[in-house]
Amino acid sequence: MIRITSHSLTGEPLFHLRAGDASYVFCVFHGFLLHLYCGPAVEDDDLTPLLVKVGHDSVVPRPADTPEGWFSLDIAPQEFPVWGTGDYRPSALMIRCADGSAATSLRYVSHEVFAGKPAVDAQPAVFASEDEADTLAVILSDPGSGVTVRLLYTAIRALPAVIRRAVVENPTDSPVTIERCASASLDVATWAEPAELLHLWGTWGRERTVQRTPLAHGTVSVSSRRGASSHHHNPFAALVTARTTETAGPAIGLSLIYAGNFEILADTDPFGSIRFTAGIEPTDFTWRLEPGESFVSPEAVLSISGEGLGKMSRTFHRLWRRHLCRSEWADRTRPVLVNNWEATYFNFDSEKLLAIARDAAACGIEMLVMDDGWFGTRNDDRSSLGDWFVNEEKLPGGLSPLVERINALGLKFGIWFEPEMISPKSRLYDAHPDWALGTPGRDKSVARSQYVLDMTRPDVRDYLFETISNVLSSANIEYVKWDFNRNLTEAASATLPPERQGEVMHRYVLGLYDLLERITAAYPHLLLEGCSSGGGRFDPAMLYYAPQYWTSDDTDAMERLDIQLGTSFVYPASAMSCHVSASPNHQTRRVTSFETRGHVAMGGAFGYELDLTTLTDEEKDLIRRQVADYHRYYGLINRGDFYRLILPGDTVNGKTGGCAAWMTVSEDRSEALVTFVVIRASIHPVYFLRLEGLDPAAKYREESTGAVTAGSTLMRAGINLTSARRGGWTDGSSVVMHFTRI
Ligand code: GLA
C-alpha cells in the first residue's frame with residue numbers, strides 16, 4: 001500500500017509505503033527528497049517532526065532558494081543524494097555534463113503510482129502482480145543540466161520488502177557522463193544507539209563468513225571490483241544495532257540484484273545519521289548517456305525487520321523464491337544428483353561415468369552431472385575453454401550414446417560449461433584473439449591459465465549461444481552447471497571507443513544477462529545451476545536465472561556449517577547446492593561420518609560428489625536412506641521458514657565453536673525439521689536447544705523418540721539434547737529431529 005499525503009509545513013507530498021508489517025516514509029521538502037523512516041510499521045504519515053534540526057555553522061552551504069536557518073543538504077536525511085551542491089557525504093549520483101561540470105541538484109517534479117511492478121528493462125528484477133505489490137515512481141530533475149532521475153520504489157504487500165532502483169534520463173541535447181549511480185540510498189537518522197554493519201566476506205572455499213563491524217564516524221564499506229559480485233564480499237549488508245540478535249532488534253538488510261562490481265556503504269555523520277547506500281562500484285565505471293538515452297541501475301532490495309536478523313533473512317528467502325527466481329524449477333522438487341568432479345576430476349571417460357551412474361541408479365540418485373573435461377582437448381585446466389565440442393576420445397560417438405545409456409538407467413543427465421572464458425590454448429583463441437578482454441599493448445593477466453571473453457560483444461554472445469545450443473540439442477540434457485572461474489583484469493573491449501571503455505565492466509554483466517536470457521528462453525525446462533569457483537558469484541542476479549548455486553568448493557561438512565549458515569542470511573536453502581563428498585575431505589583432509597555429511601548437505605539442494613563405485617555396501621545403503629529422507633523432507637527444507645538456532649561461532653555452555661543448529665518450519669507450522677551438529681565434542685557436554693517458529697499452543701510429536709511436547713515448551717524451555725545421540729557426542733556428530741503437530 002502506498003499512502004500519499006502532504007505535510008503540514010510546506011504542503012509538499014509525503015509518501016508512506018507499507019510493505020508487509022514495515023513502513024518506509026519519505027517526503028518532499030523545498031523540492032528535496034528527504035528520508036524519514038524505515039522500520040516496523042508506524043501509523044502516522046507526517047513524520048517530519050523527526051527531521052533533525054541542528055544549528056550549523058556558517059561554513060556549511062545551503063541551497064540559495066531554501067529558507068535560511070537550520071536547513072542544509074549536508075545534514076538533512078536524504079533519499080538520493082547528489083554530488084557538488086553541499087552534501088559532502090558519499091553521493092548516490094554523480095554526473096559530469098558536457099561542459100565538464102559535476103555539480104547537480106535534484107528537485108522533485110512529479111510522481112506516479114502503479115499497481116504491481118512494471119518491468120523497466122531486461123536486467124534481473126523482482127516481479128510481482130498487481131495484487132502483490134504497489135510501485136511509486138518519483139521524478140526528479142536537475143535544473144542546471146536538465147537531466148532527470150526516476151526513483152522507483154516497489155512495496156511488496158505480503159512482505160516487509162521495498163525494492164528500489166534509479167533511472168537516469170538525458171532529455172537534453174548534449175551527452176552527459178554518469179560517474180557514480182547508486183540503486184538505493186537512505187539516511188537512517190533516528191537510531192541514536194550504537195550501530196553495526198553485518199556483512200558476508202570470504203574467499204575461495206570460505207564464502208559468506210558473517211562479520212559484524214561496529215560503525216564509527218566515517219565510512220565502512222564492502223565492495224567488489226573484480227568484475228563479478230565475488231567470493232570476497234556478497235552484494236549484501238545489514239544495518240543493525242549492537243543489541244540486534246537473531247530474534248530481536250532492528251535490522252535493515254540491503255541486497256543488490258547485480259552480478260558485477262558493487263559497493264554497499266554505511267557512512268556515519270557527526271549527528272549520528274547513517275547513510276546506507278548500495279549500487280555499482282564507481283572505480284573504473286563511467287557511462288556516457290547520449291541525448292534521449294537512459295541508464296537503468298540494478299535493483300536493490302530492503303528487507304526491513306524489527307524482530308532481528310532471522311526475520312530479515314526469511315523475508316529475503318521468500319522474496320527470492322516467489323518474486324525473483326524465474327526458473328520453472330524455482331519451487332519444483334529438484335533431482336538428487338551425483339557430480340563427477342571430486343570423483344574423477346579430469347580423468348574420466350564414458351565407461352567411468354556409466355559405472356558411477358549404475359551405482360547412482362541403484363542408490364536412488366536421480367541425475368548424473370558430467371563436470372569439467374568433456375570438451376576440446378581438455379585433460380587439465382590449461383586448455384580448450386571456448387571449444388565447446390565433445391572430446392570423442394573420452395566420450396566415443398559424442399554425447400548422445402552416453403546420455404541415452406544414462407537415461408536408460410533411469411537417470412537424468414547434466415553437463416558443465418564455463419561459457420564466459422577462453423583458454424589461450426584453444427581453437428577459439430587461435431581464430432579470435434580479440435574476443436578476449438584486454439588492453440592493446442599490454443599483457444593479459446592469466447588466472448587458472450585462462451582469459452575472459454569480451455561479453456560486451458554481440459558476436460561473442462552469438463557464438464556462445466550457438467555452440468551451447470548445439471550441445472544442448474545434441475542429447476537429452478536436463479541440467480547445466482554454469483561456471484565462472486576467474487575475475488576480470490585489463491577490462492577493455494576491442495569494439496568500444498575510448499570514451500566508453502569505462503562501461504566495459506557493466507556492459508560485461510549486461511552481456512552475461514543477455515546470454516543467460518537467451519539460453520533460458522530457448523531451454524525453459526533446463527535446470528540451471530550457477531557456480532563460480534564454488535560460490536564466487538552467488539548473488540540474486542544469478543538466482544533470477546539459476547534457481548540453485550554451487551555454494552562452495554569446500555565440501556567439508558564442518559566448514560560447510562559456516563558457509564551454509566552464512567549464506568542463509570540472504571539466500572534460501574533451495575538456492576544452496578550442497579553435496580556429500582568423500583572422507584577424508586579433499587579440501588581439508590578432515591574425516592567426518594557419512595551420516596553427518598548427509599545431515600549437513602540436506603541443508604540445501606542435495607546431491608553427492610564422490611566416486612560411488614568405491615563405496616561400501618553399508619555406505620550405499622545409507623545413501624538410499626538419505627535420498628529417501630531428503631524426498632520426505634523436501635518441502636520442509638526447501639519451502640519452509642528457516643531459523644538459525646546456533647551459529648558455529650556462538651558460545652554454548654562456555655565453549656565457543658562447539659556446535660551449530662538450525663531448523664525449518666512449514667508455513668502452516670504443522671511440521672519442523674531440526675538439525676543439531678556437534679563440531680568439537682567436550683567432556684561432560686550439556687546441550688539445550690530452544691526451537692523457533694512453532695505454534696506455542698499445539699503439541700508436537702518427535703518422530704524418532706515419539707516424545708510429545710507442547711510448542712510452548714519446545715520454544716521457551718527447549719529440548720535437552722545432552723544424551724540425544726546413541727553412542728554419545730563425538731567430533732562431527734549430528735542428529736536430525738522431525739516434529740509433527742498432533
Ligand atoms: C570450479 C567449480 C568446481 C568444478 C571445477 C571444474 O572450481 O567450482 O565445482 O566444476 O571448477 O574445473
Side-chain angles (χ1 to χ4, degrees), residues 202-208 226 228-232 234 259 337-348 352-353 356 367-388 391 394-395 413-426 446-453 468 471 477 479-487 527-539 542 546 548-557 559-560 563-564 567 575-582 585-588 601 604-611:
T203 180
W204 177 78
R206 290 185 69 178
E207 294 89 338
R208 292 168 296 286
R226 293 164 192 274
S229 54
S230 87
H231 296 85
H232 298 73
N234 201 252
L337 63 84
V338 59
N339 176 304
N340 76 307
W341 178 243
E342 286 197 19
T344 65
Y345 296 101
F346 292 101
N347 186 18
F348 65 88
K352 178 71 198 174
L353 294 176
I356 294 176
M367 179 161 73
L368 177 106
V369 173
M370 178 175 67
D371 211 280
D372 192 359
W374 57 267
F375 52 91
T377 54
R378 189 154 165 106
N379 293 312
D380 55 38
D381 62 13
R382 283 172 298 188
S383 80
S384 305
L385 294 169
D387 296 348
W388 300 113
N391 178 343
K394 284 182 175 174
L395 312 178
F413 180 82
I415 197 168
W416 179 97
F417 279 100
E418 197 180 354
E420 300 153 72
M421 296 295 156
I422 179 166
S423 303
K425 223 167 110 194
S426 64
V446 280
R448 211 192 188 205
S449 311
Q450 65 202 53
Y451 299 150
V452 184
L453 277 173
I468 293 171
V471 173
I477 298 172
Y479 158 112
V480 161
K481 177 172 168 188
W482 184 296
D483 211 339
F484 171 85
N485 279 315
R486 65 155 289 185
N487 291 143
L527 170 54
L528 197 61
E529 173 162 330
C531 177
S532 170
S533 294
R537 198 167 57 184
F538 195 138
D539 58 52
M542 294 306 289
Q548 62 190 52
Y549 210 95
W550 180 227
T551 312
S552 177
D553 275 346
D554 190 342
T555 57
D556 175 287
E559 293 292 296
R560 275 295 187 111
I563 296 167
Q564 292 173 201
T567 304
M576 283 187 235
S577 177
C578 305
H579 298 170
V580 173
S581 63
N585 176 268
H586 289 194
Q587 291 79 39
T588 62
F606 184 63
Y608 292 84
E609 177 135 357
L610 74 182
D611 189 350

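In this text, all values refer to a predicted model and were calculated from it rather than measured experimentally. Just so you know, ligand 1 is whichever comes first in the structure, and atom 1 is the first atom listed for that ligand. Heavy atoms only: backbone and side chains are in, while hydrogens, waters and symmetry mates are out.
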Exercise. Begin with the C-alpha distance, continue with both residues' side-chain angles, and end with the deciding distance and a verdict on side-chain hydrogen bond (donor to acceptor under 3.5 Å, both in side chains) for D611 and T344.
Key: CA-CA 7 Å; D611 189 350; T344 65; over 6 Å; no
Practice problem: Would you mind reporting whether M370 and I415 have side-chain heavy atoms less than 4.5 Å apart? | Solution: yes
Quiz item: Does R448 reach the side chain of M421, with side-chain heavy atoms less than 4.5 Å apart?
Solution: no
Exercise. State which residue, out of W482, Y479, F375, fulfils the side-chain contact (heavy atoms from CB on, under 4.5 Å) condition with W416.
Key: F375
Quiz item: Got V338 and I356 here, is their nearest side-chain heavy-atom distance under 4.5 Å?
Solution: yes
Quiz item: Under a 4.0 Å heavy-atom cut-off, what residues line ligand 1?
Solution: W341, D371, D372, W416, R448, K481, D483, N485, C531, S533, G534, W550, D553
Quiz item: Which residues satisfy the side-chain hydrogen bond (donor to acceptor under 3.5 Å, both in side chains) test with S384, sequence neighbours excluded?
Solution: T377
